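Single-structure report; data block below.
Computed from a predicted structure; not experimentally measured. Note: hydrogens, waters and symmetry copies are ignored here, and every other heavy atom, side chains too, is used.
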Amino acid sequence: MANSGIGGDEYRSHLHGEGEKNTKWRSGAPPNYDAVNKLFEEGRTKIWPPGSLEEKVQNLVKSWEMELFNKISSDDYKTLDPNNYTFSLNGKKPITLEEKRKLGGGYNAFLQTSLPEKLRIYNPAEETADSSHILFRTTFPRGFALEVVQVYSGPPVIVYKFRHWGYMEGPFKDYAPTGDLVELFGISIFEVDEKMKVVKVEFFFDSGELLGPLVKGDRSGKSKEDVGDLSCPVLRATA
């Protein structure tokens, strides 16, 4: 399990250091988490004791997320076993790492939907890993922080409740920023092997908690009635 303080970031391992000297980074260099770490420290609801199971799980999740979003080559992953890794969302059929990449990477795997395309606030079929990163970085300029709020079981099957949050201080597509706090709660299951590498991930959450607040602002070229007509069916359908 990833340990606190290793690798140059208090909350994420495998970000800096000798072990990452040949790592291929999406942006060409290791990402900087200073802004989102500040947001995390100012807005978290739990402060876990050093060395506690909760702190270790939280750091593992942050390190896992960092690697998947920022490392190009699966050979550079330290938190997961790319050959045996599977991912599933809301009880759907698990997919492999390669299948997950075919969905476009970034937020696409987490925001898959069966909604008709005309009702999609965010359409994974039209986004790439890069475009999704740019979109949500623009919407949440201070980042989208993560905390583990409860751990129900430890390894090898880790079950935990998480909270993601950020402030909509930038536009989302053509929706104006509101400055509002946006929160997403959910449950996740991480299964790890004997080397403490993640081999199975399951997420359970309502994507409407994330996307709904992002369409509250005025929409360029659209009336408020048009915004309401678009958003309401989506929010009802994203269970």
Chi angles and distances behind the side-chain contact (heavy atoms from CB on, under 4.5 Å) call for His133, Arg26: CA-CA 11 Å; His133 278 293; Arg26 183 170 302 280; 3.9 Å; yes
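- Shown here for Glu202 and Ser188, the closest heavy-atom pair between the two residues is O-OG, 2.9 Å.
- Residues Thr138 and Pro171 meet the side-chain proximity criterion, which asks for heavy atoms closer than 4.5 Å.
- Proximity of Glu209 to Glu183: side-chain heavy atoms (C-beta onward) are nowhere separated by under 4.5 Å.
- Linking ILVMFWY residues whenever their side-chain heavy atoms come closer than 4.5 Å, directly or via other members, leaves Val149 and Val159 in distinct clusters.
- The two residues Gly143 and Leu39 come nearest to each other via the heavy atoms O-CD2, 3.4 Å.
- Grouping the Ile, Leu, Val, Met, Phe, Trp and Tyr side chains by contacts below 4.5 angstrom, directly or via other members, places Tyr77 with Met196.
- Put simply, the side chain of Arg12 reaches to within 4.5 Å of the side chain of Asn37, judged on heavy atoms.
- No option in Tyr152, Phe87, Tyr160, Phe162 other than Tyr160 meets the ring pair (Phe, Tyr, Trp, His ring centres under 6.0 Å) test with Phe190.
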Stepwise ring-ring contact (aromatic ring centres under 6.0 Å, His included) test for Phe110 and Phe203: CA-CA 8 Å; Phe110 294 93; Phe203 274 93; 5.3 Å; yes
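- With Asp9 as the partner, the side-chain contact (heavy atoms from CB on, under 4.5 Å) test is satisfied by one option alone out of Leu15, Asp34, Asn59: Leu15.
- For the pair Leu89/Ile95, no side-chain contact is recorded, criterion being any heavy-atom separation below 4.5 Å from C-beta on.
- Considering only heavy atoms from C-beta on, Ile158 stays 4.5 Å or farther from Val61 through its side chain.
- Taken to the nearest 0.5 Å, the OG1 atom of Thr79 stands 7.5 Å off from the NZ atom of Lys71.
- The hydrophobic cluster containing Phe205 also contains Tyr122, counting ILVMFWY residues as joined when their side-chain heavy atoms lie under 4.5 angstrom apart, directly or transitively.
- A cation-pi contact, defined as under 6.0 Å to the ring centre and within 45° of the axis, links Lys62 to Phe40.
- Scanning both residues, Val148 and Trp48, for their nearest heavy atoms gives O-NE1, 2.8 Å.
- One distance of note links CD of Gln112 with NZ of Lys100; it measures 10.5 Å at 0.5 Å rounding.
- Judged by distance alone, with hydrogens and angles left aside, the side-chain atoms of Arg142 form no donor-acceptor pair with the main-chain N or O of Gly166 at under 3.5 Å.
- Ala125 and Glu117 get closest at one heavy-atom pair: CB-OE2, 4.5 Å.
- Considering all non-hydrogen atoms of both residues, Asp76 and Lys24 come closest at OD2-N, 3.0 Å.
- Taken from OG1 in Thr96 to CG in Asn84, the straight-line distance is 11.0 Å, to the nearest 0.5 Å.
- Crowding of Lys200 atom NZ: a count of heavy atoms from other residues, nucleotides or ligands under 6.0 Å not exceeding 12.
- Legend: residues meeting salt bridge (charged side-chain N to carboxylate O under 4.0 Å, His left out) with Lys38, ordered by chain and number and at least two apart, are Glu42.
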CA sep, side-chain torsions, deciding dist, call: Met66, Tyr11, side-chain contact (heavy atoms from CB on, under 4.5 Å): CA-CA 10 Å; Met66 177 276 296; Tyr11 308 110; over 6 Å; no
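- The line from CZ of Arg101 to CG of Asn108 is 14.0 Å long, rounded to the nearest 0.5 Å.
- We find the OH-CG distance between Tyr167 and Asp180 to be 10.0 Å, quoted to the nearest 0.5 Å.
- Considering only heavy atoms from C-beta on, Thr139 stays 4.5 Å or farther from Val182 through its side chain.
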Chi angles and distances behind the salt bridge (charged side-chain N to carboxylate O under 4.0 Å, His left out) call for Glu127, Lys173: CA-CA 12 Å; Glu127 304 290 347; Lys173 294 187 176 292; 2.7 Å; yes
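- We find the OG-CD distance between Ser63 and Gln58 to be 10.5 Å, quoted to the nearest 0.5 Å.
- Side chain of Thr23 to main chain of Trp25: no donor-acceptor pair is present (N/O by atom type, distance under 3.5 Å, no hydrogens or angles).
- Few gaps surround NZ on Lys78; more than 12 heavy atoms of other groups in view lie less than 6.0 Å from it.
- No path of Ile, Leu, Val, Met, Phe, Trp and Tyr side chains, each step under 4.5 Å between heavy atoms, connects Leu97 with Ile189, placing them in separate hydrophobic clusters.
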side-chain contact (heavy atoms from CB on, under 4.5 Å) assessment of Val199 paired with Tyr85: CA-CA 4 Å; Val199 294; Tyr85 179 86; 5.8 Å; no
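- Here Glu99 pairs with nothing under the salt bridge (charged side-chain N to carboxylate O under 4.0 Å, His left out) rule; sequence neighbours left out.
- A donor-acceptor pair under 3.5 Å is absent between the side-chain atoms of Ser27 and the main chain of Pro31, judged by distance alone.
- The side-chain heavy atoms of Phe140 and Val36, taken from C-beta on, include no pair separated by under 4.5 Å.
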Derivation of the ring-ring contact (aromatic ring centres under 6.0 Å, His included) call for Phe144 and Phe136: CA-CA 8 Å; Phe144 198 45; Phe136 283 99; 7.5 Å; no
Criterion salt bridge (charged side-chain N to carboxylate O under 4.0 Å, His left out) on Lys46 and Glu147, from CA distance to verdict: CA-CA 8 Å; Lys46 306 283 186 179; Glu147 70 170 333; over 6 Å; no
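- Counting heavy atoms from C-beta on, the side chains of Arg137 and Ile134 come closer than 4.5 Å.
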Candidate pair Ile187 and Lys161, rule side-chain contact (heavy atoms from CB on, under 4.5 Å), full reasoning: CA-CA 4 Å; Ile187 299 291; Lys161 180 179 180 180; 3.7 Å; yes
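- Residues Trp165 and Arg44 come closest through the heavy atom pair CZ2-N, 3.6 Å.
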